[in-house]
Visitor: 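Okay, handing you the structure first.
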Amino acid sequence: MKLLSTDIAHIALKPILIRQIQEAIRLSKEIIRRDKVSDLSCKGYLSKDIEQPQTVPLNRINRGTSEIEYVSAIALKLSRLPGESVDVVQTIDAQTIVAQTISAYLTNSIKAVGDKAIVHQPLSDALWRNFTVKVVPSGWIHLQLSDLGLASWLQILTERSIRLGDRLRQKNVHENDNQLLRNSTRLFELQHTHARCCSQIYLAQQVGLLSSSENSSEGSPSDLQFGSVLIPKPFPWLDSRQSLRFQHPAEHELISQLVATVDTLSDAPSQLSILKVGKSLSQNFIKFHAACRVFAEIKTAESELAQARLGLVLATQAVLKALLEEGLDVYAPTKL
């Protein structure tokens, strides 16, 4: 069965948020110019970037938990005034008003997307509807993904093959081929981790924790069509309270690194950057594999946790496969 594929730009969280913020600025700049901030604009307290922001500052906060939260200083950028003779109070007023105006548009956008049937929405909208927006003092805008949204994102990784897009492939064609040769040890580490993921998925199918359309009592990891998991579908990411099931720090770190890796790959990075982020993902998976049991007693005592952890294995395999085959143009082995 051929897997559905999706462009990484549709599932990488950071570019989704940047596009939404840019659209909010476009829609709100007329209001920002007039009303309460008109006098601030006349006095130079609004940046000319309000007309056409070239870049949106956006960073993810790593709290060491499963929370996925980004923060943007776009309001500070749009209300920044060069020079020394600045009225601090009026500058803060401008930052707060700009942040609140942009935040209102973001919140309305989330509501509008949430009012539509999810089955007819593109993946980016299906993820965007699960964010909440908050403005804190001094104009920082926080955007947090709900547990339901994170579960949806993880599920997408288990069901889709990821395309990195022509821009990255064309860029890396012109890079020095010796880059991979100089980093052969690091490259082997990524391939080994991918093969380990495949072996875990194969074993889970053999013991009945996973069922696939390509499942068979015979064969080997190389015969499997990863991503064709039929049971469980979706994976039991959430508990009965609709909270993320994962509690172990190694689970949280792996999820955090999956988000970071997909964000990085969406930005057409160099091969060296791909190797670097791939190494971080590989190391986090190894820690997760060592600390979080799937088989043995977990299989019978906590089967849903075991299946959710297998979902993380499958998600890691999917990201590593895209990283190796599309990002680095090398083979992603299913066994070594």
Side-chain angles (χ1 to χ4, degrees), residues 5-19 21-22 54-64 68-74 123-124 127 143 145 153-154 156-157 160-197 250 252-288 312 315-333:
S5 64
T6 187
D7 192 286
I8 196 166
H10 298 152
I11 59 171
L13 299 178
K14 186 173 182 178
I16 290 173
L17 297 181
I18 288 176
R19 290 195 297 270
I21 293 173
Q22 288 173 329
Q54 298 301 313
T55 59
V56 173
L58 184 70
N59 296 291
R60 193 165 65 84
I61 302 172
N62 189 350
R63 302 187 186 278
I68 303 300
E69 183 175 358
Y70 293 78
V71 61
S72 177
I74 186 62
L123 292 178
S124 56
L127 295 169
L143 302 107
L145 185 64
W153 185 79
L154 290 169
I156 290 169
L157 295 185
R160 305 276 184 131
S161 63
I162 303 170
R163 301 190 311 271
L164 300 192
D166 293 336
R167 187 163 65 103
L168 176 59
R169 286 194 292 270
Q170 291 170 0
K171 175 181 177 182
N172 285 338
V173 162
H174 302 292
E175 287 198 7
N176 188 349
D177 291 336
N178 290 330
Q179 188 71 258
L180 295 181
L181 293 175
R182 289 197 297 268
N183 290 277
S184 58
T185 301
R186 188 180 295 184
L187 178 61
F188 176 77
E189 179 184 342
L190 304 186
Q191 292 175 313
H192 183 270
T193 303
H194 181 268
R196 181 180 289 189
C197 290
H252 297 161
E253 290 169 7
L254 179 58
I255 292 171
S256 177
Q257 191 57 49
L258 281 168
V259 173
T261 302
V262 173
D263 278 350
T264 298
L265 292 176
S266 71
D267 197 31
S270 66
Q271 286 190 341
L272 193 59
S273 296
I274 293 173
L275 285 166
K276 182 177 179 180
V277 74
K279 180 179 181 180
S280 295
L281 179 59
S282 176
Q283 291 175 339
N284 275 279
F285 177 80
I286 291 170
K287 292 177 183 177
F288 161 80
L312 291 182
T316 303
Q317 179 269 329
V319 174
L320 282 173
K321 180 179 175 65
L323 185 152
L324 288 165
E325 294 187 345
E326 298 221 359
L328 299 176
D329 196 26
V330 297
Y331 178 56

Visitor: Any idea which heavy atoms bring Phe285 and Cys197 closest together, and the distance?
Guide: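 Closest approach of Phe285 to Cys197: CZ-SG, 3.6 Å.
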
Visitor: Write down the atom of Ser266, the atom of Asp263, and the distance for their closest heavy-atom approach.
Guide: OG-O, 2.6 Å

Visitor: Would you find a donor on one side and an acceptor on the other, under 3.5 Å apart, between the side chain of Ser282 and the backbone of Gly278?
Guide: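 Looks like no, no N/O pair under 3.5 Å.
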
Visitor: Under the salt bridge (Lys or Arg N to Asp or Glu O under 4.0 Å) rule, collect the residues that match up with Lys14, sequence neighbours excluded.
Guide: none

Visitor: Tell me, do Leu127 and Ile156 make a side-chain contact under 4.5 Å, heavy atoms counted?
Guide: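 Answer yes - side chains close enough.
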
Visitor: List in chain and number order the residues that pass salt bridge (Lys or Arg N to Asp or Glu O under 4.0 Å) with Glu69, two or more places apart in sequence or in another chain; answer none if no residue qualifies.
Guide: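 So Glu69 forms a salt bridge (Lys or Arg N to Asp or Glu O under 4.0 Å) with Arg63.
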
Visitor: Within this structure, what is the CG-CG distance for the pair Leu328 and Leu320, rounded to the nearest 0.5 Å?
Guide: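 That separation rounds to 10.5 Å.
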
Visitor: Look up atom OG1 in Thr193 and atom NZ in Lys279, then write down how far apart they are to the nearest 0.5 Å.
Guide: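 Thr193 OG1 to Lys279 NZ: 11.5 Å, rounded to 0.5 Å.
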
Visitor: Taking side-chain contact (heavy atoms from CB on, under 4.5 Å) as the criterion, tell me which of Leu265, Asp7, Leu323, Leu157 meets it with Ile162.
Guide: Leu157

Visitor: If you compare all heavy atoms of Ala250 against all heavy atoms of Lys287, which two are closest, and at what distance to 0.1 Å?
Guide: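 Result for this residue pair: CB-O, 4.2 Å.
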
Visitor: Would you name the heavy atoms of His10 and Ile16 that are closest together and state the gap between them?
Guide: O-CD1, 3.5 Å

Visitor: Just by modelled atom types, is the Ala260 backbone N or O under 3.5 Å from a matching donor or acceptor in the Thr264 side chain?
Guide: yes

Visitor: I want to check something: taking the side chain as every heavy atom from C-beta on, are Tyr70 and Ile18 in contact at a cut-off of under 4.5 Å?
Guide: no

Visitor: Side chains of Val262 and Trp153: does their closest heavy-atom pair fall under 4.5 Å?
Guide: yes

Visitor: Less than 4.5 Å apart, any side-chain heavy atom of Leu123 and any of Arg160?
Guide: yes

Visitor: For Ser72, give me all partners under side-chain hydrogen bond (donor to acceptor under 3.5 Å, both in side chains), at least two apart in sequence or on another chain.
Guide: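 Counting only residues at least two positions away or on another chain, Ser72 forms no side-chain hydrogen bond (donor to acceptor under 3.5 Å, both in side chains).
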
Visitor: Measure the OG1-CZ distance between Thr6 and Arg163 for me, rounded to the nearest 0.5 Å.
Guide: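 So the OG1 of Thr6 and the CZ of Arg163 are separated by 6.0 Å.
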
Visitor: Compare every heavy atom of Leu258 with every heavy atom of Thr316, then report the nearest pair and how far apart it is.
Guide: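 Nearest pair, atom of Thr316 first, then Leu258: CA-CD2, 3.8 Å.
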
Visitor: Working to the nearest 0.5 Å, report the span between CD of Glu189 and CG of Leu275.
Guide: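 Nearest 0.5 Å value for the CD-CG distance: 10.0 Å.
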
Visitor: Are the side chains of Asp329 and Gln271 in touch, meaning some heavy atoms are under 4.5 Å apart?
Guide: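 Answer no - side chains too far apart.
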
Visitor: Stepwise, does the side-chain contact (heavy atoms from CB on, under 4.5 Å) test hold for Leu58 with Leu143?
Guide: CA-CA 10 Å; Leu58 184 70; Leu143 302 107; 4.2 Å; yes

Visitor: Mind checking the CD1-CG spacing from Ile286 to Leu281? Nearest 0.5 Å is all I need.
Guide: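 If we round to the nearest 0.5 Å, Ile286:CD1 and Leu281:CG are 10.0 Å apart.
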
Visitor: Side chains of Lys321 and Gln317: closer than 4.5 Å at any heavy-atom pair?
Guide: yes

Visitor: Closest approach of Ser280 and Asn284, non-hydrogen atoms and distance?
Guide: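 Looking at all heavy atoms of both residues, the closest pair is O-ND2, 2.8 Å.
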
Visitor: A side-chain contact here means heavy atoms from C-beta on lying under 4.5 Å apart; do Pro269 and Lys276 qualify?
Guide: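 Not in contact.
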
Visitor: Among Val277, Leu324, Thr261, exactly one meets side-chain contact (heavy atoms from CB on, under 4.5 Å) together with Val319. Which residue is that?
Guide: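 Among Val277, Leu324, Thr261, the one meeting side-chain contact (heavy atoms from CB on, under 4.5 Å) with Val319 is Thr261.
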
Visitor: Measuring from Ser256:OG to Ile61:CD1, what's the distance to the nearest 0.5 Å?
Guide: 11.5 Å

